[in-house]
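To start, the structure itself, in structure tokens.
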Amino acid sequence: MTFTNDKAIYIQMADRLCDEILAGKYKDDDRIPSVREYAVLLEVNTNTAVKAYDELARANIIYNKRGLGYFVSPGAKEQILDERRRDFIDNKLPELFRQMQLLGITLEDVKETYAAQL
């Protein structure tokens, strides 16, 4: 995984795991890679992976079964979708609309481009 400088690495790791849940790689109550496995996979320090897992556990996206590892919490996919939709509407759309206005891009232009992508 290539990390960017705009967010902490542990947040990017948590986002990646959420992406994998959204993509269906992990479903409700599926076991996810151990902290060590994920750290090795992404070539990061184990402590960084611990922070990512702790963040996801606090958000109730994953849960720990002592001695067995971490698992996807029931309803995690819907929770992630809700949070990301809210973030998109509240934080990304206003900037998108501002840029559209500055560049003279209409909603019809966006609709046509979107339809062409499908």
Can you give each donor-acceptor pair under 3.5 Å made by side-chain atoms of residues 94-106, sequence neighbours left out, with the distance rounded to 0.1 Å?
residue	atom	partner	partner atom	Å
Glu95	OE1	Arg98	NE	3.0
Glu95	OE2	Arg98	NH2	3.1
Glu95	OE2	Gln99	NE2	3.0
Thr106	OG1	Glu108	N	3.4
Thr106	OG1	Asp109	N	3.0
Thr106	OG1	Asp109	OD1	3.4
Thr106	OG1	Asp109	OD2	3.2

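- Taking 4.5 Å as the limit, every side-chain heavy atom of Ile32 sits out of range of all side-chain heavy atoms of Tyr38.
- In this structure, NZ on Lys77 lies 12.5 Å from CG on Asp82, to the nearest 0.5 angstrom.
- With hydrophobic clusters built from ILVMFWY side chains whose heavy atoms lie under 4.5 angstrom apart, Phe88 shares a cluster with Leu107.
- A donor-acceptor pair is defined here as one N or O able to donate and one able to accept, closer than 3.5 Å; no such pair exists between the side chain of Gln79 and the backbone of Ala76.
- Distance check: Ile80 CD1 to Leu22 CG gives 5.0 Å after rounding to the nearest 0.5 Å.
- Around the CZ atom of Arg31, the shell of radius 6.0 Å holds more than 12 heavy atoms that belong to other residues, nucleotides or ligands.
- Salt bridge annotation for Asp87-Lys92: present, with a cationic side-chain nitrogen under 4.0 angstrom from a carboxylate oxygen.
- A continuous path of hydrophobic side-chain contacts links Leu17 to Leu81 [ILVMFWY only; heavy atoms under 4.5 Å].
- Counting heavy atoms from C-beta on, the side chains of Met13 and Phe3 come closer than 4.5 Å.
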Please tabulate, for the side chains in residues 57-72, all donor-acceptor contacts under 3.5 angstrom to protein atoms that are two or more places apart in sequence or on a different chain.
residue	atom	partner	partner atom	Å
Arg58	NH2	Glu55	OE1	3.0
Tyr63	OH	Asp29	OD1	2.6

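- Ile21 is not connected to Tyr10 by any chain of hydrophobic side-chain contacts under 4.5 Å among Ile, Leu, Val, Met, Phe, Trp and Tyr, and they are in different clusters.
- Val44 and Val40 are assigned to two separate hydrophobic clusters, defined by single-linkage of ILVMFWY side chains at heavy-atom distances under 4.5 Å.
- Looking at every heavy atom in both residues, Ala39 comes nearest to Thr46 through CB-CA, 3.9 Å.
- Put simply, Leu42 and Ile11 are part of two different groups of oily side chains (I, L, V, M, F, W, Y) that touch within less than 4.5 Å, one to the next.
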Exercise. Show your working on side chain to side chain contact (heavy atoms under 4.5 Å, CB included) between Leu41 and Arg16 and close with a plain yes or no.
Key: CA-CA 12 Å; Leu41 176 70; Arg16 177 189 165 131; 4.1 Å; yes
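- Using a 4.5 Å heavy-atom cutoff, the side chains of Leu56 and Cys18 are in contact.
- Looking only at side-chain heavy atoms (C-beta outward), Lys27 and Asp30 come within less than 4.5 Å of each other.
- Salt bridge present: Asp15 and Lys7 bring a charged side-chain N and a carboxylate O closer than 4.0 Å.
- Counting heavy atoms from C-beta outward, Pro33 and Tyr53 have side chains that approach closer than 4.5 Å.
- Here the shortest heavy-atom pairing between Thr2 and Gln12 reads O-OE1, 4.4 Å.
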